[in-house]
Amino acid sequence: MADPAVATGDQTLIRGGVVVDETGERRADVLVAGGTVVAVAEAIDVPRGARVLDAGGCIVAPGLVDLHAHLREPGDEEAECIESGARAAALGGYTAVVAMPNTEPPVDSAALAMEILALGEAAPCRISVAGCITMGRAGERLVPMAELAAVGVRIFTDDGAGVQDPDLMRRAFEYAGDLPVTLGEHCEDSRLAAGGHMNEGVASSRLGIPGIPAGAEEVMVARDLILARMTGARLHLMHLSSAGSFELLAAAKAAGIAVTAEVTPHHLSLTDEALESYDPVFKVNPPLRSRQDVAAARAGCASGLVDALATDHAPHRSETKDLPLDQASPGMIGLETAFAVALGALVRGEPDLRGEPDLGGDSRGGSGEAGSGREHLGVASLLALMSWRPARIAGLSQDRGGDQGGPIMAGRPANLCVLDTEHTWVVDPSAMASRSRNTPYAGWTLRGRARHTILAGEPVVVDFEAQR
Ligand code: DOR
């Protein structure tokens with residue numbers, strides 16, 4: 001172990017927490033200096049001049065990593081910008097986010113990818129950028145993927161829409177197969193989804209709102225799994241929401257197809273019954289689904305089938321969001337609430353608070369033991385879904401040359417979060433760092449929050465407050 005006394009540069013001692021990373025769990029203090037973890041030990045004396053961050057009663061973990069955030073810069077900086085989105089991320093415990101490429105203009109060139117990476121350098125969270133699969137997200141011609149990969153792009157997606165042409169998608173896979181990249185698909189057949197504003201089912205029939213069938217997602221999941229098998233290239237399925245998609249994913253993984261998948265906190269915590277309010281804040285793509293779908297999403301997370309939780313943080317100005325349901329833009333913000341919502345849904349097994357359906361959990365929190373079909377995750381498994389597994393998918397993990405996802409050991413990069421699983425707070429949209437207000441959890445009392453976030457050794461969030 002390094003001698004704390006020889007630590008140089010700005011020193012921070014994270015004191016009194018329980019360290020949880022991929023290697024396990026232990027009671028330890030963590031000393032950070034010069035961007036690096038210098039020591040991890042049961043009781044470290046405070047070095048002279050060091051800043052002390054209290055972690056009593058908290059978990060000290062590798063920083064969270066979000067595979068899916070819309071930061072809206074360039075093009076719609078009124079809704080969000082890289083800096084405000086990064087601050088929201090840091091407040092949520094994230095030390096890295098992958099910025100989605102459906103900006104204006106879309107990220108279909110190495111030049112724009114580099115511009116976004118440069119803008120991200122000053123941000124309080126590490127910004128990685130995804131590239132489009134097709135030029136202008138028009139679904140017609142492939143982007144120069146190798147050029148984008150050469151400047152560090154590791155995920156390609158036309159998110160906001162799926163790539164509709166199966167032959168073009170096959171060529172995208174063939175191209176991607178020779179590069180260190182992954183294709184992320186927004187699985188939605190545009191013809192099947194056309195005209196819908198919410199999930200097609202009992203709730204949409206009752207409300208008389210045109211629906212989007214689960215099948216619109218599932219046909220593209222099935223198609224892309226087949227294309228991934230044909231080409232051997234890597235596929236990442238974004239924001240999966242339907243029970244049928246999880247069945248297809250399980251079969252594909254059992255067959256050895258190179259596929260990973262993410263689920264959002266909102267698809268774990270809300271159902272299509274929320275649309276009974278006709279409130280456009282609940283309009284999102286893919287749509288909030290049925291109780292059965294939510295239960296399948298939770299079960300997929302508990303069993304390890306799902307690889308990552310991703311926010312799909314989608315800020316919108318009130319001019320485009322606060323409109324009648326058929327005109328409102330789809331999407332909800334999620335970076336600042338993701339940990340608490342996921343903790344409630346997956347670890348504590350809380351039901352949907354708006355209607356109290358039984359979503360496959362009880363309220364005891366749990367061991368993650370398999371068997372009953374009502375199992376919950378332990379906190380370490382939740383952190384796997386929110387930190388080290390997404391870090392690998394994004395190509396940001398330490399074992400892939402990056403600096404995210406831990407483990408927390410002397411000599412490793414200090415990208416960390418300190419999570420208070422018991423902190424209760426009321427979601428106040430006007431107090432959030434995001435420039436947009438479209439959170440579906442406004443007024444909810446949530447339990448769990450990032451108390452401190454440390455980016456490259458610098459405390460960027462201290463006691464729930466952003467430091468810059
Ligand atoms: O609801 C959504 N909003 N789903 C998406 O796929 C895109 C996103 C956005 O960009 O607003």
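This chain uses plain numbering: 1 for the first residue, then up along the sequence. Both counts, for ligands and for their atoms, begin at 1 and track the order of listing.
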Please work out which of the three classes, parallel, tilted or perpendicular, describes the rings of F464 and H423, given edges at 30° and 60°. parallel
Just wondering, are more than 12 heavy atoms of other shown residues or ligands nearer than 6.0 Å to CE in M135? yes
What do you reckon, does M238 put a non-hydrogen atom under 4.0 Å from ligand 1? no
With a cut-off of 4.0 Å, which atoms of ligand 1 are near a heavy atom of H316? 11 (O)
Closest to atom 3 (N) of ligand 1 among protein heavy atoms sits P330 O, 3.1 Å
Sub-4.0 Å heavy-atom contact, G160 with ligand 1: yes
Against heavy atoms of A314, which atoms of ligand 1 measure under 4.0 Å? 3 (N), 8 (C), 9 (C), 11 (O)
Among all protein non-hydrogen atoms, which one is nearest to atom 9 (C) of ligand 1, and what is the separation to 0.1 Å? R72 NH2, 3.4 Å
Does an N or O from P286, backbone or side chain, lie closer than 3.5 Å to an N or O of ligand 1? no
G331, any N or O under 3.5 Å of ligand 1 N or O: yes
Given that the side chain starts at C-beta and the backbone is N, CA, C, O, which of these parts of M100 lies under 4.0 Å from ligand 1, counting heavy atoms, or is it both or neither? neither
Pair R389 + D307: basic N to acidic O under 4.0 Å: yes
Would you call R137 and D108 a salt bridge, taking side-chain N to carboxylate O under 4.0 Å as the test? no
Considering only heavy atoms of V284, which atoms of ligand 1 have at least one such atom less than 4.0 Å away? 1 (O)
For H239 and ligand 1, answer yes if some heavy atom of the residue is under 4.0 Å from a ligand atom, otherwise no. yes
Would you mind checking if R468 and E458 are paired as a salt bridge, meaning a charged N to carboxylate O distance below 4.0 Å? yes
Return the residue, atom name and 0.1 Å-rounded distance of the protein heavy atom closest to atom 1 (O) of ligand 1. N285 N, 2.9 Å
With sequence neighbours left out, write down each residue that passes salt bridge (charged side-chain N to carboxylate O under 4.0 Å, His left out) with R447, or none if nothing qualifies. E422
Would you say the rings of H68 and H239 are close, in the sense that their centroids are separated by under 6.0 Å? yes
Heavy-atom nearest neighbour in the protein, as seen from atom 8 (C) of ligand 1, with distance rounded to 0.1 Å: H70 NE2, 3.7 Å
Taking only heavy atoms of D312 into account, list the atoms of ligand 1 that are under 4.0 Å away from them. 4 (N)
Sequence neighbours left out, cut at 3.5 Å: what donor-acceptor pairs do the side chains of residues 92-106 make with other protein atoms?
| residue | atom | partner | partner atom | Å |
| --- | --- | --- | --- | --- |
| T95 | OG1 | Q404 | OE1 | 2.6 |
| N102 | OD1 | H70 | ND1 | 2.7 |
| T103 | OG1 | P105 | O | 2.8 |

I'd like to know if the side chain of E200 pairs up with that of S204 as donor and acceptor (distance under 3.5 Å, no hydrogens or angles considered). no
